[in-house]
Amino acid sequence: MLHWTVFHILVQILRWALPLFVTVHALVHKRNTASCTGWIGICWIAPFLGTVLYLMFGINRVRRRAQKMVNRHLWEGRDPLAQYRQTVDGTLAPLSKMLGRLTERPLMRGNSITCLHDGDNAYPVMLEAIGQAKTSIILCSYIFRDDKVGQRFAEALVGAKRRGVEVRVLVDGIGSGYFRCGIERRLRREGVACARFMHSVWPWRMPFINLRNHRKILVVDGTIGFMGGLNIGEENMLRLRTKLPVADTHFRLQGPIVHQLAVAFAWDWSFTTGEELQGERYLPEPQPVGDVPMRIVTSGPDTDLEKIEYGMLQAFSLARSHIWVMTPYFLTDDRFSTELVLAALRGVVIDIVVPKSSNHALIDHARDANLRQFLDAGCRIWMADPPFNHSKLMVVDDEWSFVGSANIDMRSLRLNFEINLEIYDRDVAKELATFMETHRRNRLTHHDLDSKTFLIRMRNNAVRLLLPYL
């Protein structure tokens, strides 16, 4: 009887102490008021379950760890990029200045860029670069499948390793398979260093389910870089005619910008494995190859929180003539929607290209419930025909482009680790705008939304409530 009384008292103490702890912790550390209120409410309603969930998923251990590492990749002595720093004049000068301060990365001149559409065009170029590697290869991919395409990349990486090239491969702990990652096993078996980003069988070690490395990076010998939206898998080879083909856009880079790309990977690799990638093998002296000004912009739930979204918002606020947006998923938050709508209301022409059907039906339902506000403001929304296009492209005023791995949804812009590239070049902007224009097949109208049945509209509006979690 005494033991039961003591146990009952302990339970009562915990019922009040645990939600009180969560309340204090959330008030101190949570910047987003909706998130803070939600966690506090859950923990007072269900003290034990709510506290466990908060400890697993509500505490941003990533940011803490990143802050400890913030000075570990600084160069000793001199800045090898100083001579390539570029300034911008005109209406977009405030954008360049803002992103420079926000990212602490300079805008770099002396670069070249080649646009590669789909795995049919990108994979051969990437494999050729891997095949010619002499010193180092670093590769990061959200999805790296152990299929025919993945095996070709694995064979090329193993071949480079046998030639004496230092190879480092990083795949996401969810995207490339949580319970089983065949490509990791294959590469490790052949002696290639391969790690899984934020993967753990113990949930309390890291809030891993919501936080994913969505970046796609390949750097060969520190001089040739690839980045964009393209994963590694058969579905990206359109000529293979897979069941669910995925079109995409990737970019080949040369010049000092590759240095920034390699450092972004080095940060993620150090975060995951503790190994520092330094020296001429990975970060050789930058050399100019072209004249296109560029800058890498990273974002994630660490010291880079929301930086890609801030860049988009600033670009919208400075736009004067035309905004092009192409994205596979279009689930905007209030501030993103507001900036885009305000730009449309002041006379900026806005073209938004989204797939008629993506590879996630729920996201399409939520998106459709969120589109009326843009139509009301005069935005033109285009539903692209299959195959599903996974490209993430943005062009403002025919002179600034923003491309990379970031989708336009809350998960991508706030929870995922993403990497984008800003480009100040009219020729590149024209090429990307022309590409997006070829996908303007079916324009969405108010009539299209009004013609949906009541049940479909109710379904879409209900799914939209899950917008922060999709």
Side-chain angles (χ1 to χ4, degrees), residues 30-36 60 62-63 66 92 94-105 107 142 210-216 227-229 260 264 267-268 294-319 323-344 348 350 352-354 363 366-367 370-371 373-374 377 379 390-397 400-424 464 467-470:
K30 291 292 180 185
R31 188 178 67 175
N32 185 282
T33 54
S35 174
C36 180
N60 192 344
V62 179
R63 187 187 301 179
L92 294 179
L95 173 62
S96 177
K97 185 176 182 180
M98 184 278 290
L99 279 172
R101 289 183 174 181
L102 187 68
T103 65
E104 298 182 341
R105 295 187 182 98
L107 183 68
Y142 175 64
N210 277 333
L211 309 181
R212 307 169 185 174
N213 192 326
H214 198 239
R215 296 168 182 166
K216 293 89 177 175
M227 60 86 65
Q260 290 187 358
W267 181 282
D268 290 343
M294 304 179 189
R295 173 170 32 224
I296 291 294
V297 183
T298 53
S299 68
D302 53 8
T303 54
D304 286 338
L305 186 65
E306 298 175 331
K307 290 182 179 179
I308 286 178
E309 184 177 11
Y310 287 160
M312 294 177 178
L313 297 178
Q314 180 76 336
F316 294 161
S317 69
L318 295 172
I323 295 173
W324 282 96
V325 175
M326 185 173 190
T327 179
Y329 315 115
F330 190 63
L331 294 174
T332 60
D333 62 9
D334 288 341
R335 63 186 181 187
F336 192 102
S337 302
T338 299
E339 287 293 347
L340 206 53
V341 165
L342 289 176
V348 177
I350 298 178
I352 303 168
V353 183
V354 295
I363 293 180
R367 175 202 66 192
N370 206 39
L371 293 178
Q373 59 183 319
F374 301 106
C379 299
H390 193 246
S391 302
K392 308 96 164 45
L393 311 173
M394 184 177 295
V395 173
V396 172
D397 289 351
W400 181 82
S401 306
F402 204 38
V403 302
S405 69
N407 303 311
I408 299 180
D409 59 58
M410 291 188 186
R411 172 179 295 283
S412 187
L413 296 177
R414 297 185 186 177
L415 296 178
N416 288 349
F417 292 82
E418 305 282 3
I419 185 165
N420 268 30
L421 175 72
E422 63 159 347
I423 310 159
Y424 294 81
R464 188 177 64 165
L467 191 150
Y469 312 104
L470 294 175

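The basis for the numbers below is simple: all heavy atoms, side chains too, and nothing from hydrogens, waters or symmetry mates.
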query: Heavy atoms, side chains only, cut-off 4.5 Å: are L340 and I352 in contact?
result: yes

- prompt: Would you say F402 and V297 make side-chain contact, with heavy atoms under 4.5 Å?
  reply: yes

Taking every non-hydrogen atom, the tightest pair across L99 and G311: CD2-CA, 3.9 Å

query: Which value, rounded to the nearest 0.5 Å, describes the distance between M98 atom CE and T103 atom OG1?
result: 9.0 Å

query: From H214 NE2 over to N416 CG, what is the distance, rounded to the nearest 0.5 angstrom?
result: 6.0 Å

Heavy-atom pair with the smallest gap, counting every atom of V325 and I408: CG1-CD1, 3.4 Å

query: Looking at residues at least two apart in the chain, or sitting in another chain, which of them share a side chain to side chain contact (heavy atoms under 4.5 Å, CB included) with A343?
result: I323, R346, V348, I350

query: Any idea which heavy atoms bring A315 and W400 closest together, and the distance?
result: CB-CZ3, 3.4 Å

- prompt: Is a side-chain donor-acceptor pair under 3.5 Å present for E418 with S412?
  reply: yes

query: Should F336 and F330 count as side-chain neighbours, where that means a heavy-atom distance under 4.5 Å?
result: yes

- request: Could you list the residues that satisfy side-chain hydrogen bond (donor to acceptor under 3.5 Å, both in side chains) with N420, not counting sequence neighbours?
  value: none

- prompt: Any donor and acceptor pair, going by atom type alone, linking the side chain of Q260 with main-chain N or O of I296 inside 3.5 Å?
  reply: yes

- request: Could you grab the distance from atom OG of S299 to atom CZ of R215, nearest 0.5 Å is fine?
  value: 7.0 Å

task: Over all heavy atoms of both residues, which pair between A344 and A377 is shortest? Give the atoms and the distance, please.
output: CB-O, 3.6 Å

field: Partners meeting salt bridge (charged side-chain N to carboxylate O under 4.0 Å, His left out) with E422 (sequence neighbours left out)
entry: R295

query: Which distance, rounded to the nearest 0.5 Å, do you find between the OG of S391 and the CE of M326?
result: 5.0 Å

task: Evaluate the side-chain proximity of K392 to N407: yes if any heavy-atom separation is below 4.5 Å, no if none is.
output: yes

- prompt: Under the side chain to side chain contact (heavy atoms under 4.5 Å, CB included) test, which residues partner E339, sequence neighbours left out?
  reply: L313, F316, S317

message: Run the side-chain contact (heavy atoms from CB on, under 4.5 Å) test on Y424 and S96 for me, step by step, so that the C-alpha distance in whole Å, both residues' side-chain angles and the decisive distance to 0.1 Å come before the verdict.
response: CA-CA 9 Å; Y424 294 81; S96 177; 3.3 Å; yes

- request: Could you tell me which residues satisfy side chain to side chain contact (heavy atoms under 4.5 Å, CB included) with S337, sequence neighbours excluded, listed by chain and number?
  value: T332, Q373, F374

message: I need the M410 CE to L331 CG distance, nearest 0.5 Å.
response: 8.5 Å

message: List the residues meeting side-chain hydrogen bond (donor to acceptor under 3.5 Å, both in side chains) with R414, not counting sequence neighbours, and say none if there are none.
response: E306, D333

message: Rounded to the nearest 0.5 Å, what separates atom CG in D409 from atom CD1 in I363?
response: 6.5 Å

